[in-house]
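The next block holds one structure in the form of structure tokens; read it before the comments.
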Amino acid sequence: MSERKTTSKPRHSGGGIAGGSDSGSSSRNVPHVHPQAPGYRTVFCNDREANYLAKYLGNAVSTTKYNLVTFLPKGLYEQFRRVANLYFLTISCLSFTPVSPVSPVTNVIPLSIVLFVSLVKEAFEDWKRLQNDKTINNSPVDLMQDKTWESVPWRLLQVGDIVRVKQDGFFPADLLLLASTNPDGICYIETANLDGETNLKIRKAMEKTWDYVTQEKASEFKGQIQCEQPNNSLYTFTGNLIVQKQTLPLGPNQIVLRGCSLRNTEYIVGVVVFTGHETKVMMNTMNVPSKRSTLEKKLDKVIATLFGVLLTLCLIGAIGSALFVDMRYYYLQLQVNVESEQFNPGNRLVVFVLSIFTLITLYSPIIPISLYVSVEMIKFIQSTKFINNDLHMYHVETNTPALARTSNLNEELGQVEYVFSDKTGTLTRNLMEFFKCSVGGETYGSGVSEIEMGVARQNAADIEEVQRPSSATRDKGFNFDDARLMSGAWRNEPNAEMCREFFRCLAICHTVLPEGEETPDKLKYQAASPDEAALVTAAKNFGFFFYRRTPTTVYVRESNVEKMGNVQDVSYEILNVLEFNSTRKRQSVVCRYKNGRLVLYCKGADTVIYERLGAGSDEIKQITRVHMEQYGEAGLRTLCLAYKELSEDVYESWNEKFITAKSALRDREKKLDEVAELIETDLNLIGCTAIEDKLQEGVPSCIETLAKAGIKIWVLTGDKLETAINIAYACKLINNEMKQFIISSETDEIRDAENRGDPVEIAQLIKETVQNELQKYHEEAITILRGTSGQKLALLIDGKCLMYALDPNLRSILLNLSLNCSSVVCCRVSPLQKAQVTRLVRIGANKITLSIGDGANDVGMIQAANIGVGISGLEGMQAVMASDFAIAQFRFLTDLLLVHGRWSYLRLCKVVSYFFYKNLTFTLTQFWYTFNTGYSGQRFYDDWCQSLYNVIFTALPVVIVGLLDKDVGAELSKKYPQLYKEGVNNSFFNWKVVGILALISVYQSIIVYNFVVISSTAGLTSLGKMLGQWDVSTTAFTCLVITVNLRLLMMCSAVTRWHIISIGGSVLLWFIFIFIYAIVFVDKGTYFSIYVLMSTIYFYLMVILIPTVALLLDFVYQGFQRWLYPYDYQIVQEIHRDEADTVGAGLLDIGGQLSPEDERKYAFAMLPKEKSKHTGFAFDSPGYESFFATQQGVVAPQKAWDVVRRASMKPKEKKPLLGDYGDGDCRVGGSTGDCGDEATLVVPLEAVMMTILHIRKSSTTLSPEIVITSDSYSGWKMVVFWWSLWWVEILRWCLKWSHVGFPVKAVGGDVAG
């Protein structure tokens, strides 16, 4: 908004471009407004001494979390805020006390390793922030010193300094714009660093300071700025500039913010207002409240359960210890060390208490110390290497890849049940095209919209699309076809005067900036939104070409106005701009024609425009409303246009109030809105526009796929109900088979009440309507759901009704009704209502929600959901900057959820489950040992073995599983979206899974401990001596490490070379460690133990037998589970077991636009990677392909258990079995020929297994020593049979044998069924 002195008489204008800017006034002095401390600050321009007393912050910024002094204490504080780390710190402290049975190193070493890794990660990230800070703080800028420009670093600037910023340079602080090299004090800025928007914004200096552009004038500038205190609002600014005894109001259009860049301007001169951390961009860098995934929350409960188990074990041991100590065990000499009270028989209570502390220290490994570090590492790599580099989520047109802005919620993507989506720019392209219009009660435009075509296809109806000449060329944003308005033909329309006002309103009422040569072909428009650009483009095509703008004037080249063929340039003086915002929902300009005519043009939503229309012209109002409903049904966005003639006296009286409001330092925005209400009344309706926004590619199929996955999609939009319904039809969100519940305020009864104008009556009527409709539909929904029809439900509600439905008294009914609907569409909703609806489902229903949007109005909704996804579209990057994940198109949601989300959930479930299992198994072996030591707390394992168990011997394989495990490929994940429901139902990490793992841990710990201990009594060394305690514990630990690592292999759905290397390497590390440890520490009980053990056959038998028996139960359980109660993904594995599985996602190959680092990475990505080996079994299934390059899968032969399973389901026919395999041959004496009675038949191993299965009545001997008779295939011997098959298969798999020769000897006849 601006003030301007004219030659006729004093007038004051609020003209402006984007939001109204100000120019100086020499004709009127606004009263001096004193700032009210502490609400406002005073800045003295070009006077450092005067500003010194205020102690303003310097301009240096620091985004680091630590410095050299605070790194260690603050870093440790951050680490010990985690309960697990604090727990281990407590245990470490206990280990230094006399009650501890273990050396302090047992707990200190693992904790130190975890803390070291975490602190190194923190230090590295902080060091990168420090380097970035140094670069920014040392950037040069021109500062006015001693009447000359001197280049200084940004960090030396102070509040009140005068600086010069050159073209393409960044603003070093928040500046008040004084002057620009462009005419009229205008400069162009790019705010991409603030909000991601690349379209240029205009800023305008006040007319009073235009002259301070040269070095001489700038050095003389003195003034005083009174403004608001620093805040984080990027789009508002309130202040006054006092210069030469005049007070000039300042607004956001005189402020250029730190981080923005100067464009299309040689240089500007400005005064520093806010510096450093008080700049608006820095005040917006506060951390968004962190979100925790559901799996992480459940993990906390599991950790708490483990702690409960720990206390239970300690309680059992302590009670046993208190009962055990007795004087009758005199040979233990318990009374000798009475002063310690540890085992004093005379004080059992003290024994009980001290034993609890002893056992807590001993059993502390039950809590996995390395779990959090491992999970964080896995999530980070999943985000940065897999999600960010997936070519299936790369948008070529905009050169935009997917971006994981956080790694905390990867697995949450695999459990989403509700998706809340914006419409414009999210489901649609946000590429607006002027399509139809209504002027003076007459509709124009003959096209058929994409939504109409989609609805027609849904209804199986025929619709004729208007064919345009192929030679017709259209401007971007203009898709209008009606000869009655083109090329001046509108002059022949009966409402020609109204058409002229319509076109001028389009050409004048906007904040668009023209760029380029002033010709229709070469000029481009920079608009704040695609809608505005489309409207101005439409005006150009109608013959009203807007080609130039100054701070106070708009220039339009009008054709065919006075007469056909006549073209004239007309200037309109812009006196005031009343800005658009989400509250006003309208924009107005007050302009003056050359002949002195004063007109207010207004455009906005139909609801706010109709409320401000004057009396009369009821027929046009009704007809236009009908037209808007028709446009809405066609999926078009409508906007009403109106105007008002102003008299000079009325305008001057209003402008006085406007200037006063504009100069207010307190509540300026509110006062300006109130003043705007005074003049935006008694408007005359011109007509309405209809703009088409087409659907994004792949949206209908994406929504259909997500619906099959069990995900319910809600659309929250600001469009009309009719538009929202038809968009929903076109997106396949709703269909004719659904029962639709519509709750709308657009009823005749409510309209009559609105016409009467009583707000109390309107509110009461809408509330009663909403309450009655909700209760009626809720009862109807229950009836339908209880019936057998299986009909799906859809709810459609508008913003006015939603406002009352969210009332605490009706909220529960709304929630229950909504949760029973497959689709929900909320239209005419505000940004606040979007966030309220999202929060209602997330908190009220305790469901996992995802919000996706592309604009600033979606930020609240994105932050309210469990997961926020931003669309990097045409509305800027506000949504992306507030989101957890960013994608370029809505259809990429399929890959993000069904592929990456499901994989991440499955992998992390296995990781957490495995940590729980292996630590519980380890602790229970120690617990069983307690019963053999008089509950004294004697440790079973050596200190170092216990210390390195979690961080070395079992650490790497689980990380590999968390990164590379994959049940089915990406294409199958999308082909069978029903697989996603397993994540929604949390099938892979629940209390049932935890309980089964606990039972397996108990079983395996019993096997490991008892087998070793019992058998050790018969074990002898090579010298004939009995095995000692540390020999037994070393054997047990060896068996335990092998068992838990092999058990991880059984959990895998995909096995690659990295699995084999990590698991084999972990076992190998244990042997390397014990080989060295056993000869280095001569004073330890483990000295030379491993060498003694390896000289006995006992050790090798235990190492083979114990893991085999320990894994038996798990193997049988997995086999029968897959056979009888398979998961969905296991069924899909069986269906596609013989198909190659290829994954083609990699680093971005973007036409030579890669950086050298990315090119190097891409070259590595093209190298051959691990190939699949499909087996169909739970622990050996589709292999993992590198996520960086396309490669071929390898179809592997059938495996024994799958053949057994399928064959057992087939009729048992009497036919030769070995003859079914054509690739077998007979070898006699080393030569190949016909098979005789004594011959070696070389067949695939699977054929042998098939033969074994079908033998019932005969007896066949298989060498080596495998005899299967009709008896042995029944009862408990079935287990042995399966076990033998498993070990044979393991041998075949490890050695990659494709054929195994077995001498088959027929007993009593030919080999036959």
When you measure from the side chain of D798 to the backbone of S745, do you find a donor-acceptor pair of N or O atoms at a distance under 3.5 Å? yes
Side chain to side chain, D895 and H392, heavy atoms closer than 4.5 Å: yes
Is a donor on one side and an acceptor on the other found under 3.5 Å between the side chain of R557 and the backbone of E518? yes
Is a side-chain N or O of R891 found less than 3.5 angstrom from the main chain of Q889, in a donor-acceptor match? no
May I ask you to check whether T689 and Y631 show a side-chain donor-acceptor distance below 3.5 Å? no
Aromatic rings H510 and F546: how do their planes relate, parallel, tilted or perpendicular, breaks at 30° and 60°? perpendicular
Report the residues that fulfil side chain to side chain donor-acceptor pair (under 3.5 Å) with T838, sequence neighbours left out, ordered by chain and then residue number. none
If I compare all heavy atoms of E680 with all of C602, which pair ends up nearest, and what's the gap? OE2-SG, 4.5 Å
Applying side chain to side chain donor-acceptor pair (under 3.5 Å) to D482 and S446, what does each step give before you reach the verdict? CA-CA 6 Å; D482 196 325; S446 57; 5.7 Å; no
Quickly, which of L897, I887, D854 forms a side-chain contact (heavy atoms from CB on, under 4.5 Å) with V869? Name it, please. I887
Between T511 and E532, do the side chains contain a donor N or O and an acceptor N or O under 3.5 Å apart? yes
Is R549 reaching over with its side chain to a backbone N or O of V512, donor-acceptor style, under 3.5 angstrom? yes
Do H395 and T398 get their side chains close enough for a donor-acceptor pair, meaning under 3.5 Å? yes
Could you report the tightest heavy-atom contact between I871 and T426, atom names first, then the distance? CG1-CG2, 4.1 Å
Quick test of your reading of the model: are E442 and R484 salt-bridged, counting only N-O distances below 4.0 Å? yes
Who pairs with Y547 by side chain to side chain donor-acceptor pair (under 3.5 Å), at least two apart in sequence or on another chain? D569
Minimum heavy-atom separation for F885 to L896, with atom names? CB-CD2, 4.3 Å
Residues R429, D693; criterion salt bridge (Lys or Arg N to Asp or Glu O under 4.0 Å); working and verdict: CA-CA 6 Å; R429 300 177 186 175; D693 186 12; over 6 Å; no
What closest approach, in Å, do F480 and C437 show between heavy atoms, and which atom pair accounts for it? CE1-SG, 4.1 Å
If you take all heavy atoms of V880 and A886, which pair is closest and at what distance? CG1-CB, 3.7 Å
Cation-pi check, R625 to Y610: give yes when NZ or CZ is under 6.0 Å from the six-membered ring centre and within 45° of the ring axis, no otherwise. yes
Euclidean distance, E517 CD relative to K524 NZ, rounded to 0.5 Å: 12.0 Å
As a test of understanding, state which of C640, C505, C499 forms a side-chain contact (heavy atoms from CB on, under 4.5 Å) with I686. C505
Between atom CD1 of I202 and atom CG of L513, what is the distance when rounded to the nearest 0.5 Å? 5.0 Å
The side-chain contact (heavy atoms from CB on, under 4.5 Å) partners of N684 (sequence neighbours excluded) come to Y643
OG1 of T428 to CD of E692: how many Å apart, nearest 0.5 Å? 10.5 Å
Please report whether the ring centroid of F503 lies less than 6.0 Å from that of F545. no
Kindly compute the distance separating NZ (K423) from CG (D858), expressed to the nearest 0.5 Å. 11.5 Å
The side-chain contact (heavy atoms from CB on, under 4.5 Å) partners of A533 (sequence neighbours excluded) come to A527
Would you say the rings of F502 and Y444 are close, in the sense that their centroids are separated by under 6.0 Å? no
Can any side-chain N or O of S701 pair as donor or acceptor with the backbone N or O of G698 at less than 3.5 Å? yes
Does the ring centre of Y593 sit less than 6.0 Å away from the ring centre of Y572? yes
What one should report as the nearest heavy-atom pair of Q833 and G799 is NE2-O, 3.0 Å
CG (L850) and CD1 (I711) are apart, to the nearest 0.5 Å, by 8.5 Å
Tell me, please, which residues at least two apart from R828 pass side chain to side chain donor-acceptor pair (under 3.5 Å). D606
Do any N or O atoms from the side chain of K603 and from the backbone of S588 form a donor-acceptor pair under 3.5 angstrom? no
Is any side-chain heavy atom of V824 less than 4.5 Å from a side-chain heavy atom of I713? no
With a 4.5 Å heavy-atom cut-off, do L636 and S449 have their side chains touching? yes
Between the main-chain N or O of A496 and the side-chain N or O of R500, is there a donor-acceptor pair closer than 3.5 Å? no
Check whether N541 reaches the backbone of T537 with its side chain - one donor and one acceptor, N or O, closer than 3.5 Å. yes
Can you name the residues that form a side-chain contact (heavy atoms from CB on, under 4.5 Å) with T894, not counting sequence neighbours? C702, T705, L898, K974
Enter the distance from F544:CZ to S559:OG here, rounded to the nearest 0.5 Å. 8.0 Å
